[in-house]
Amino acid sequence: MDKSDKNKISLIELGGRLKEAASLAALCMADNEYYLKLYGGLSRERRMALMEERIAKTVGYCAENDGAFGVCAADGRLAAYEYMVDYRRLAEGSPEFYNFIFSSDGDGTTPLPHFEEMKKVLSSLLNEGRSVTYVLGCGVAPAARRDFRVLAAMAHFNRRLLREKDVIAADFSNGELLSLCAGQGNFEIRKLDEDYWFFLRR
């Protein structure tokens with residue numbers, strides 16, 4: 001192996017690594033306030049298993065629509081992930097999956113907390129003819145959070161995303177990740193709850 005390969009960091013599409021991506025995302029978000037509320041009363045192990053199942057389905061949809069990416073560390077393991085949707089395409093073309101993603105029960109009966117407030121903003125943007133990219137998940141493996149190469153690759157990817165996309169939207173329940181992303185540009189950040197924010201660049 002060439003010495004340069006030992007330190008190589010690569011950006012990949014997640015289509016062929018859904019299980020690995022879902023496992024990493026579940027690990028990163030296992031103690032996230034949203035999932036604690038969604039799966040309240042369950043053991044951490046059971047909660048993570050349900051999270052993996054739900055996330056794998058979501059990442060699969062994103063991958064099919066060119067919206068799921070990851071960063072591989074030098075050893076080939078997935079070190080970071082990010083997945084997103086074209087909000088208009090999802091809302092107008094796949095209403096069942098829209099309900100799956102944006103409701104806590106997966107069928108649209110119980111919308112995510114505060115989603116109606118966010119939906120009004122997003123619908124207004126669509127009515128203006130804007131193109132909205134909604135980032136559904138983003139994280140870095142605990143073991144890679146001090147690896148500047150992985151962090152730099154994610155930062156570079158998101159700077160490119162900001163240049164290429166019209167409107168970027170996301171919701172956050174992780175204050176540290178919110179601060180990290182907010183440092184990449186001029187964004188609107190609305191606090192919706194004690195540990196919940198709506199993030200928008202338009």
Side-chain angles (χ1 to χ4, degrees), residues 11 14 21 25 28-29 31-38 51 54-55 58-59 61-63 65-71 80-95 97-104 106 108 110-140 145 150-202:
L11 180 71
L14 293 177
C28 289
M29 297 189 287
D31 299 309
N32 181 286
E33 191 65 28
Y34 164 72
Y35 284 104
L36 287 172
K37 290 178 180 177
L38 184 61
M51 288 171 65
R54 183 179 178 118
I55 292 168
T58 301
V59 175
Y61 172 88
C62 294
N65 291 279
D66 303 317
F69 303 91
V71 173
Y81 64 88
E82 188 161 349
Y83 52 99
M84 64 206 73
V85 292
D86 178 316
Y87 185 80
R88 184 188 299 276
R89 182 190 298 173
L90 176 66
E92 297 178 358
S94 304
F97 214 86
Y98 178 91
N99 288 333
F100 173 76
I101 290 175
F102 290 114
S103 65
S104 56
T110 308
L112 297 180
H114 306 288
F115 182 65
E116 289 304 316
E117 184 177 345
M118 294 185 284
K119 185 178 178 181
K120 288 179 183 178
V121 176
L122 298 171
S123 295
S124 176
L125 289 166
L126 294 187
N127 290 337
E128 293 172 11
R130 304 293 296 275
S131 175
V132 178
T133 298
Y134 202 104
V135 178
L136 298 169
C138 175
V140 178
R145 289 174 187 171
V150 171
L151 299 179
M154 286 295 284
H156 177 74
F157 171 76
N158 279 289
R159 283 195 293 270
R160 190 182 73 190
L161 194 70
L162 290 168
R163 287 196 305 269
E164 295 177 353
K165 301 297 183 181
D166 181 15
V167 177
I168 303 286
D171 56 282
F172 285 85
S173 51
N174 181 318
E176 290 184 5
L177 183 58
L178 174 70
S179 297
L180 181 65
C181 293
Q184 299 296 318
N186 185 25
F187 304 102
E188 298 173 39
I189 300 174
R190 304 185 185 190
K191 189 170 185 177
L192 301 176
D193 210 333
E194 184 177 355
D195 294 305
Y196 196 51
W197 299 267
F198 181 44
F199 174 98
L200 190 68
R201 194 294 306 273
R202 55 176 154 181

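Worth knowing before you read on, the calculation uses all heavy atoms, side chains too, and leaves out hydrogens, waters and symmetry mates. In what follows, residues are counted from 1 in the order of the sequence shown.
Around the CD atom of E194, the shell of radius 6.0 Å holds no more than 12 heavy atoms that belong to other residues, nucleotides or ligands.
Between the CZ atom of R202 and the CD atom of E128 there is a distance of 7.0 Å, given to the nearest 0.5 Å. Between the CE atom of M118 and the CZ atom of F102 there is a distance of 7.5 Å, given to the nearest 0.5 Å. S94 contributes atom OG, which lies 8.5 Å from atom CD1 of I101 (distance to the nearest 0.5 angstrom). Note: D171 CG to D193 CG = 12.0 Å, rounded to the nearest 0.5 Å. The distance from atom CZ of R88 to atom CG of L126, rounded to the nearest 0.5 Å, is 4.5 Å.
Two residues are said to be in side-chain contact when any heavy atoms from C-beta on lie closer than 4.5 Å; R160 and L11 meet this criterion. You'll find the side chain of F100 stays beyond 4.5 Å of the side chain of L90, heavy atoms only. When side chains are defined from C-beta on, L125 counts as touching L200, because their heavy atoms get closer than 4.5 Å. Counting heavy atoms from C-beta outward, I55 and Y81 have side chains that stay 4.5 Å or more apart. The shortest side-chain heavy-atom distance between Y61 and T58 does not fall under the 4.5 Å cut-off. Using a 4.5 Å heavy-atom threshold, the side chains of N65 and D86 count as separate.
Under the ring-ring contact (aromatic ring centres under 6.0 Å, His included) test applied with F172, the options W197, F199, F187 reduce to a single match, F199.
Taking the six-membered ring where tryptophan is involved, the planes of Y87 and Y98 are perpendicular, since the angle between them exceeds 60° and thus also 30°. Ring geometry for F198 against Y134 counts as parallel: the plane angle stays under 30°, on a 0 to 90° scale with 60° as the upper cut.
Pairing each heavy atom of C138 with each of M154, the nearest pair is SG-CE, 3.8 Å. Residue S103 comes nearest to R54 through the heavy atom pair O-NH2, 2.6 Å, listed as atom of the first residue, atom of the second, then distance. Nearest heavy atoms, D31 versus L36: O-CD1, 3.5 Å. Closest approach of V167 and R130 over heavy atoms only: CG2-NH2, 3.5 Å. The two residues D166 and R201 come nearest to each other via the heavy atoms O-NH2, 3.0 Å.
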Mind running side-chain contact (heavy atoms from CB on, under 4.5 Å) on E82 and L161 for me, showing each step along the way?
CA-CA 11 Å; E82 188 161 349; L161 194 70; 4.0 Å; yes
